[in-house]
Amino acid sequence: MYYMEYYLKDILDKVENDEKILQFRFQYKNMLVWPFIRFNVLRIITNRRFNFTSIPKNEFKKTEYIGKLIKCIESGFKSPFFWRQKDFLYFYGAEGNIITSSGRVYHRIYDWFVVEYNVRSGVIETRGQIKYKDDKHVDKRYLDAVDFLIEILCYLNKPSDKDILMADALLDYLCNECRLEISSDEVKRLKNNILFLSKAIRYMDKIFCRLFHELKPKIVFIEDGCFGGKNACLIKILHGLNIKTVEVQHGWVGKGHEAYIHSEFLCGNAEYETYMPDYFLGWSEYWLDKITIPSEKIPIGNPQFWQQYQTFQEHQKKEILPSDYITILWIAFGDNDKNKRFLSEFIKTSDNEYNIRVRLHPALRWLKREYREYEDNERIVIDELDSVYDSLYLCDYVIAETSTVIYEALAVGKPTFVLYSEAAAAFELLDVAPVFKNVNELLDLLHCTNMSMYCNTENRKKYFGDMWKEKFFNFIKIIDV
């Protein structure tokens with residue numbers, strides 16, 4: 001059992017062992033509050049404990065009115081309210097879009113499933129600040145106008161006194177009775193989030209109930225369904241309409257992931273389950289065995305991996321001109337300051353034969369500005385390729401502290417090394433690939449002449465499953481009656 005599993009278990013024992021956490025409710029329809037904020041609370045605590053870089057929240061600003069209004073007008077003609085019936089709906093964010101080898105824009109997780117039942121399926125994409133290309137291979141619509149309307153209504157209206165008292169009582173319970181380490185600034189942000197949700201759920205309930213009544217979907221797929229927030233409201237609405245909800249595994253999940261480890265009490269609570277997806281489709285049993293969630297767990301496979309792996313093999317067959325340099329793909333995730341310190345030390349200590357491609361997690365691309373100090377260094381490049389498999393093709397080695405890319409790199413035969421840390425232990429990576437603690441240990445690994453010992457490709461099916469199409473068709477048949 002790894003340290004973070006103990007750490008999270010200790011938190012869950014404090015908060016989720018009895019019904020008290022479920023006594024805090026919104027005034028509107030007496031909805032539970034904990035499913036909405038659970039992930040945020042746990043992530044705040046683990047980010048501080050393991051010094052992970054937090055993803056900034058886009059807060060609503062008056063100066064953004066015009067830009068958002070223009071976006072709403074542009075997307076107004078592609079509203080899902082213009083659809084008729086859709087048997088399968090997919091909710092996901094544009095952040096997950098990649099350019100495939102064929103030049104198409106695909107969501108890296110969901111579009112492989114969408115196209116199998118294309119005529120019966122519809123995609124509702126959250127665009128955010130992402131620049132996107134409107135690809136025609138799926139029927140895609142947007143809710144920018146709806147999101148903007150909800151933001152304005154929440155901004156113009158005050159929360160009820162009852163919800164304000166509830167928010168204060170809940171945060172007092174978490175900080176003082178459960179003794180969770182939450183700073184005063186974080187308490188303020190959590191309170192603002194709770195009060196925003198207390199207003200947003202009123203409008204979401206009315207809008208989405210109407211949408212689902214018109215479209216009559218049989219199954220709704222929701223990206224990050226277990227993360228709570230607005231997704232908890234969406235799932236609650238769908239459960240009330242007896243429409244099945246599904247989340248597909250998007251990346252690493254395990255005993256150290258806040259969204260996918262729940263107490264036994266919550267997993268057995270019938271009311272709490274109505275805020276969580278009915279089904280969780282994992283890549284394989286390897287991952288499903290590690291998580292504890294109220295959803296039914298089904299192994300489905302990872303279509304993106306197998307499609308990209310086929311393309312990767314085709315690339316490998318092409319003749320590659322010899323290079324004077326050895327290229328290392330450096331996956332920057334987790335403790336960003338630590339990553340930068342180690343990178344600087346490696347550049348200073350290692351020979352000039354090593355070039356570094358620094359690849360940031362998609363949600364942390366905003367950190368690119370923090371690597372400007374390396375712009376004049378010819379040995380360092382910021383990797384901005386859409387697909388991580390394109391990045392893997394260009395490198396000789398992969399180095400990371402915490403990332404799903406470690407599993408992908410090993411599966412395509414790239415020698416991969418893990419920087420030792422509590423975070424790496426939390427992500428259960430210390431037994432997956434060779435570990436190093438400092439630059440000298442890393443250089444010893446890189447100088448090893450027998451690199452085949454680090455290219456374990458036998459675990460492709462263990463990590464990424466197989467026969468995903470057949471398994472997906474079988475799953476649909478179970479529900480599509």
Side-chain angles (χ1 to χ4, degrees), residues 8 11-12 15-44 89-93 124 126 150 154 163 166-167 169-171 173-174 178 190 193-209 211-212 217 219-250 253 257-282 291-298 479:
L8 275 177
I11 296 173
L12 299 186
V15 181
E16 297 183 348
N17 250 357
D18 55 42
E19 293 184 358
K20 188 158 187 179
I21 191 62
L22 302 184
Q23 293 176 1
F24 299 96
R25 297 171 180 268
F26 292 114
Q27 182 176 359
Y28 184 73
K29 290 192 174 181
N30 209 32
M31 286 188 180
L32 297 177
V33 180
W34 186 235
F36 288 82
I37 68 166
R38 177 185 188 275
F39 174 76
N40 283 345
V41 171
L42 298 180
R43 179 54 60 91
I44 285 171
L89 290 180
Y90 293 78
F91 285 79
Y92 61 61
I124 299 177
T126 302
I150 291 174
C154 290
D163 282 327
M166 175 275 297
L170 171 55
L171 293 169
Y173 171 72
L174 294 174
C178 298
L190 283 171
N193 184 35
I194 293 170
L195 296 180
F196 173 83
L197 288 167
S198 73
K199 296 177 286 184
I201 58 177
R202 298 172 181 269
Y203 310 118
M204 287 184 66
D205 186 40
K206 293 178 174 60
I207 292 170
F208 285 102
C209 275
L211 178 65
F212 296 139
I219 309 174
V220 177
F221 296 79
I222 301 175
E223 183 180 28
D224 297 341
C226 291
F227 280 56
K230 291 182 179 180
N231 285 342
C233 183
L234 205 59
I235 292 171
K236 181 65 175 176
I237 294 168
L238 289 161
H239 187 272
L241 298 173
N242 199 29
I243 298 170
K244 298 300 182 184
T245 55
V246 181
E247 178 183 351
V248 180
Q249 182 178 346
H250 72 281
V253 298
H257 197 304
E258 303 90 341
Y260 302 103
I261 183 75
H262 290 70
S263 68
E264 291 185 11
F265 169 74
L266 285 188
C267 286
N269 185 277
E271 184 180 13
Y272 182 84
E273 290 177 0
T274 63
Y275 295 83
M276 300 291 288
D278 294 301
Y279 301 95
F280 181 83
L281 306 185
I291 62 177
T292 307
I293 55 177
S295 312
E296 182 177 344
K297 300 180 291 185
I298 299 176
I479 304 176

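For this chain, numbers begin at 1 and follow the sequence in order. Worth saying up front: this structure is predicted, and the values here are computed from it rather than measured. The figures here come from the full heavy-atom set of this structure, side chains too, leaving out hydrogens, waters and symmetry mates.
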Trainee: Taking side chain as C-beta onward, heavy atoms only, is Leu42 less than 4.5 Å from Ile261?
Mentor: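 They are not in side-chain contact.
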Trainee: Could you check whether any side-chain heavy atom of Ile150 comes within less than 4.5 Å of a side-chain heavy atom of Ile207, counting everything from C-beta outward?
Mentor: yes
Trainee: Might you point out which heavy atoms bring Asp224 and Asn231 nearest each other, and give the distance in Å?
Mentor: O-ND2, 3.1 Å
Trainee: Nearest 0.5 angstrom please: Lys206 NZ to Ile237 CD1, how far?
Mentor: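 It is 10.0 Å, given to the nearest 0.5 Å.
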Trainee: Quick one: OG1 on Thr274 to OH on Tyr272, what's the gap to the nearest 0.5 Å?
Mentor: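 Output value for this atom pair is 10.0 Å.
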Trainee: Verify side-chain contact (heavy atoms from CB on, under 4.5 Å) between Gln27 and Arg202, making sure each step is shown before the conclusion.
Mentor: CA-CA 10 Å; Gln27 182 176 359; Arg202 298 172 181 269; 4.2 Å; yes
Trainee: How many angstroms lie between CG in Leu32 and CZ in Phe24, if you round to the nearest 0.5 Å?
Mentor: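 Reported to 0.5 Å precision, the distance equals 11.5 Å.
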Trainee: Taking the six-membered ring for Trp, are Phe227 and His250 ring centroids under 6.0 Å apart?
Mentor: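 Close enough - the centres of the two rings lie under 6.0 Å apart.
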Trainee: Taking everything shown except Glu264 itself, do over 12 heavy atoms lie less than 6.0 Å from its CD?
Mentor: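 It does not: Glu264 CD has 12 such atoms or fewer within range.
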Trainee: Are Glu258 and Leu8 close enough, and set up right, to give a side-chain contact (heavy atoms from CB on, under 4.5 Å), and what steps lead you there?
Mentor: CA-CA 8 Å; Glu258 303 90 341; Leu8 275 177; 4.2 Å; yes
Trainee: Could you check whether any side-chain heavy atom of Tyr90 comes within less than 4.5 Å of a side-chain heavy atom of Val248, counting everything from C-beta outward?
Mentor: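 Of all side-chain heavy-atom pairs linking Val248 with Tyr90, none is under 4.5 Å.
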Trainee: To the nearest 0.5 Å, what is the distance between CG (Leu197) and CE (Met204)?
Mentor: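 Leu197 CG to Met204 CE: 9.0 Å, rounded to 0.5 Å.
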Trainee: How long is the gap from CG on Leu22 to CD on Glu16, to the nearest 0.5 Å?
Mentor: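 Rounded to the nearest 0.5 Å, the CG-CD separation comes to 8.5 Å.
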Trainee: Locate the shortest heavy-atom distance separating Gly282 from Gln249; write the atom from each residue and the value.
Mentor: CA-OE1, 3.4 Å
Trainee: Can you name the closest pair of heavy atoms from Cys226 and Met276 and give their distance?
Mentor: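 Minimum heavy-atom separation between Cys226 and Met276: SG-CE, 3.6 Å.
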Trainee: Does any N or O in the side chain of Thr245 come within less than 3.5 Å of the main-chain N or O of Asp278, such that one atom is a donor and the other an acceptor?
Mentor: yes
Trainee: Evaluate Phe91 against Lys230 for side-chain contact (heavy atoms from CB on, under 4.5 Å), listing each step before the verdict.
Mentor: CA-CA 12 Å; Phe91 285 79; Lys230 291 182 179 180; over 6 Å; no
Trainee: Under a 4.5 Å cut-off applied to non-hydrogen side-chain atoms, are Leu266 and Tyr275 in contact?
Mentor: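 No - every pair of side-chain heavy atoms lies 4.5 Å or more apart.
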Trainee: Would you indicate whether the side-chain heavy atoms of Lys29 and Lys236 approach each other to under 4.5 Å?
Mentor: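 With C-beta onward as the side chain, the pair stays apart.
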Trainee: Within the structure provided, determine whether Ile222 and Pro277 are in side-chain contact (heavy-atom separation under 4.5 Å).
Mentor: no
Trainee: Considering only heavy atoms from C-beta outward, does the side chain of Phe265 approach that of Leu12 to under 4.5 Å?
Mentor: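 Not touching, per the 4.5 Å side-chain cut-off.
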Trainee: For the side-chain contact (heavy atoms from CB on, under 4.5 Å) test, which of Ile201, Ile194, Asn193 pairs with Phe36?
Mentor: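 Result for side-chain contact (heavy atoms from CB on, under 4.5 Å) with Phe36: Ile201.
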Trainee: Donor-acceptor pair, distance only, cut-off 3.5 Å: does the side chain of His262 make one with the backbone of Thr292?
Mentor: yes
Trainee: If only side-chain N and O atoms count, and only distance matters, is there a donor-acceptor pair under 3.5 Å linking Tyr260 with Glu247?
Mentor: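 Short answer, yes.
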Trainee: Go through the steps to decide whether Arg43 and His257 satisfy the test side-chain contact (heavy atoms from CB on, under 4.5 Å), and finish with yes or no.
Mentor: CA-CA 9 Å; Arg43 179 54 60 91; His257 197 304; 4.0 Å; yes
Trainee: On a heavy-atom basis, which atom in Asp163 and which in Arg25 lie closest, and how many Å separate them?
Mentor: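 It is OD1-O, 4.3 Å.
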Trainee: Kindly compute the distance separating CD1 (Ile21) from OG (Ser263), expressed to the nearest 0.5 Å.
Mentor: 10.0 Å
Trainee: Can you check whether Val41 reaches Val15 side chain to side chain, under 4.5 Å on heavy atoms?
Mentor: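 No. Closest side-chain heavy atoms not under 4.5 Å.
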